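Being a predicted model, the structure only gives us computed values, none of them experimental. All heavy atoms count here, side chains included; hydrogens, waters and symmetry mates do not. Sequential numbering from 1 along the given sequence is applied to the chain's residues.
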Amino acid sequence: MGSTALALIQLGSILFVLGVLGRVAGRFGMSPIPLYLLGGLAFGDGGVIRLESAAEFGHVAGEIGVVLLLLLLGLEYTAPELVTGLRRSWAAGLFDIVANATPGVVVALLLGWGVVGAVTMGGVTYISSSGIAAKVLNDLGRLGNRETPVVLSILVFEDLTMAVYLPLLTTLLAGVGYLAGLRSLAIALLAIACVLVVALRYGRFVSAIVDSADKEVFLLKLFGAALLVAGLASALNVSAAVGAFLLGIAISGSTAQNAAKLLEPLRDLFAAIFFVAFGLNTDPRAIPPVLGWAVLLAVVSVLTKVATGWLASARLGIRRMGRARAGAALVARGEFSIVIAGLAVTVGAVDGELAALASAYVFLMAVLGPIAARVVEPAVGLLQRSFRRAPAGG
């Protein structure tokens with residue numbers, strides 16, 4: 001059988017299986033990310049069946065998936081929303097960084113992965129999944145709840161933090177010096193500031209450049225611009241993901257809404273391939289030795305994210321039930337955590353066990369997040385009733 005025919009058969013098999021897994025996840029009301037990771041583990045080195053011919057396409061498609069994930073994320077925000085969210089949530093955002101990055105840093109150092117591994121794992125455990133959180137809030141009808149703006153503002157803060165964190169991580173992974181690291185950070189901060197200014201004052205001009213009444217032309221211009229900006233950002237060691245995110249912020253109004261609708265199916269396709277590609281590069285035989293650490297991180301991370309949402313909501317005088325809902329909505333980890341781990345694994349700057357730990361951790365958290373959001377109300381209600389019925393005296 002020819003190499004092209006074999007690659008097409010293997011790629012078609014992977015995409016078909018992804019569709020089946022996505023449907024299974026939808027039936028149970030869960031994110032498909034854990035199942036996509038399992039699919040990658042099954043088809044990669046050490047899995048049930050190794051599909052080598054589709055690996056090269058999976059790598060390139062995975063990179064495109066990251067660009068589209070971040071572009072769509074940027075399209076969800078306007079510059080005023082980002083500025084308002086930053087002002088509203090900076091205190092809770094700083095607590096979020098310390099409380100949720102620390103467990104990953106500590107575990108990486110205990111496992112002997114050094115500074116690069118510690119910075120990588122800190123990002124993996126820190127960032128919540130905006131996609132899963134938004135879907136859960138919508139599915140449960142909580143978009144109008146009083147605590148929801150708190151959740152969204154924390155997610156905004158986290159996304160902006162990633163715009164600074166990813167260039168730093170990219171610099172560390174490249175092994176460049178201290179001055180080069182500072183330069184990358186300065187470039188990232190300057191880019192963020194420039195994009196916010198442009199989006200606030202001249203967003204309509206950026207939108208006009210990529211906009212078109214013809215869907216085909218609109219898609220080509222938008223997709224081409226995203227890849228171009230991502231490539232230029234990568235060349236500057238700012239991170240392709242950050243470049244795509246900033247482009248999304250700069251596009252506003254009806255153009256952003258139309259772009260999101262047009263790109264969503266494409267994003268979902270390439271993002272699914274991205275998660276599978278990460279799984280393909282992870283040896284499932286490396287997971288059992290780090291599974292205990294993944295479970296420990298999952299338990300600690302649930303508590304720290306709930307604490308983050310609880311404290312942020314308490315500052316606005318929200319009642320206990322709302323505080324608990326806010327914390328539970330932040331629990332899930334997903335796309336960003338895998339993007340961070342994928343960056344480290346791609347350049348070979350970290351131990352292969354880190355990919356295994358990240359896979360197991362994200363699998364657990366992507367499953368626990370929606371479950372926590374659903375059970376938090378009955379759980380808190382049960383506790384409140386128990387305390388009311390408890391005798392006052394000893």
Note, Val20 side chain near Val17 side chain (heavy atom, < 4.5 Å): no

Are Val164 and Leu94 connected, step by step, through hydrophobic side chains (Ile, Leu, Val, Met, Phe, Trp, Tyr) whose heavy atoms are closer than 4.5 Å? yes

So which pairs with a foot in residues 150-162 pass salt bridge (charged side-chain N to carboxylate O under 4.0 Å, His left out), sequence neighbours left out? Glu158-Lys305

Would you compute the distance between atom CH2 of Trp113 and atom OG1 of Thr120 and round it to the nearest 0.5 angstrom? 10.0 Å

Leu219/Lys215 under side-chain contact (heavy atoms from CB on, under 4.5 Å): CA gap, chis, key distance, verdict: CA-CA 6 Å; Leu219 179 60; Lys215 288 186 178 181; over 6 Å; no

Salt bridge (charged side-chain N to carboxylate O under 4.0 Å, His left out) partners of Arg325, counting only residues at least two apart: Glu147, Glu377

Using only atom types and a distance under 3.5 Å, with no angle test, would you say the side chain of Arg323 pairs donor to acceptor with the backbone of Leu311? no

Does a donor on one side chain sit under 3.5 Å from an acceptor on the other, for Asn100 and Thr125? no

Gap between atom CH2 of Trp293 and atom CG of Leu357 - 0.5 Å precision: 9.5 Å

Check: Ser337 side chain, Arg333 main-chain N or O, donor-acceptor pair, under 3.5 Å: no

Smallest separation among heavy atoms of Gly104 and Leu297, with atom names: N-CD2, 4.0 Å

Applying the side-chain contact (heavy atoms from CB on, under 4.5 Å) test to Ser128, which of Thr308, Leu330, Val331 qualifies? Leu330

For residues 226-233, please give each side-chain donor-acceptor pair under 3.5 Å, one per line with the distance, not counting sequence neighbours.
none

Contact between Pro32 and Leu21 at the side-chain level, heavy atoms closer than 4.5 Å - yes or no? no

Side-chain heavy atoms nearer than 4.5 Å, only ILVMFWY residues, links allowed to pass through others: does that put Leu303 and Val105 together? no

Applying salt bridge (charged side-chain N to carboxylate O under 4.0 Å, His left out), can you list everything that pairs with Glu335, at least two apart in sequence or on another chain? none

Working to the nearest 0.5 Å, report the span between CG of Leu37 and CZ of Phe275. 7.0 Å

Of the non-hydrogen atoms in Val67 and Ala244, which two are nearest, and what is the gap between them? O-CB, 3.4 Å

Do Met321 and Trp310 share a hydrophobic cluster (ILVMFWY, side-chain heavy atoms under 4.5 Å, transitive)? no

Expected list for residues 246-259: side-chain donor-acceptor pairs under 3.5 angstrom, two or more places apart:
from   : atom 1 : to     : atom 2 : distance (Å)
Thr255 : OG1    : Asp211 : OD2    : 3.3
Asn258 : ND2    : Ser254 : O      : 3.2

Does Leu368 share a hydrophobic cluster with Val136, counting links as ILVMFWY side-chain heavy atoms below 4.5 Å and allowing steps through other members? yes

Apply side-chain contact (heavy atoms from CB on, under 4.5 Å) to Leu69 and Phe336, showing your working. CA-CA 9 Å; Leu69 277 169; Phe336 248 137; over 6 Å; no

Quick one: does Asp96's side chain get under 4.5 Å of Ile154's, heavy atoms only? yes

Looking at every non-hydrogen atom in both residues, tell me the closest pair between Val150 and Ala312 and how far apart they are. CG1-CB, 3.6 Å

Are Val367 and Leu296 connected in the hydrophobic side-chain network, where two residues link if heavy atoms are under 4.5 Å apart? yes

If you compare all heavy atoms of Phe363 against all heavy atoms of Pro34, which two are closest, and at what distance to 0.1 Å? CD1-CB, 3.2 Å

Applying side-chain contact (heavy atoms from CB on, under 4.5 Å), run through Phe218 and Leu262 and close with a yes or a no. CA-CA 9 Å; Phe218 187 23; Leu262 192 63; 3.8 Å; yes

Go through the steps to decide whether Phe278 and Ser359 satisfy the test side-chain contact (heavy atoms from CB on, under 4.5 Å), and finish with yes or no. CA-CA 8 Å; Phe278 183 82; Ser359 294; 3.0 Å; yes

Is Ser130 reaching over with its side chain to a backbone N or O of Leu155, donor-acceptor style, under 3.5 angstrom? no

Quick one: pull up CG in Leu166 and CD1 in Ile127 and give me the separation to the nearest 0.5 Å. 9.0 Å

Judged by modelled atom types alone, do Ser301 and Tyr361 share a side-chain donor-acceptor pair under 3.5 Å? yes

Check Ala373 against Leu140 and note the closest heavy-atom contact, atom names and distance. O-CD1, 3.7 Å

Within a strict 4.5 Å, meaning less than it, do heavy atoms of the Met121 and Leu111 side chains meet? no

Side chain to side chain donor-acceptor pair (under 3.5 Å) against Tyr165, all qualifying residues, sequence neighbours excluded: none

Minimum heavy-atom separation for Ala133 and Ala329, please, with both atom names. CB-O, 3.5 Å

Nearest 0.5 Å please: distance from the CG atom of Leu263 over to the CZ atom of Phe270. 11.0 Å

Residue pair Ile338 / Val124, side-chain heavy-atom distance below 4.5 Å: no

Can you tell me how far CG of Leu68 sits from CZ of Phe223, rounded to the nearest 0.5 angstrom? 5.0 Å

Could you tell me whether the side chain of Ile287 reaches within less than 4.5 Å of the side chain of Leu41, counting heavy atoms only? yes

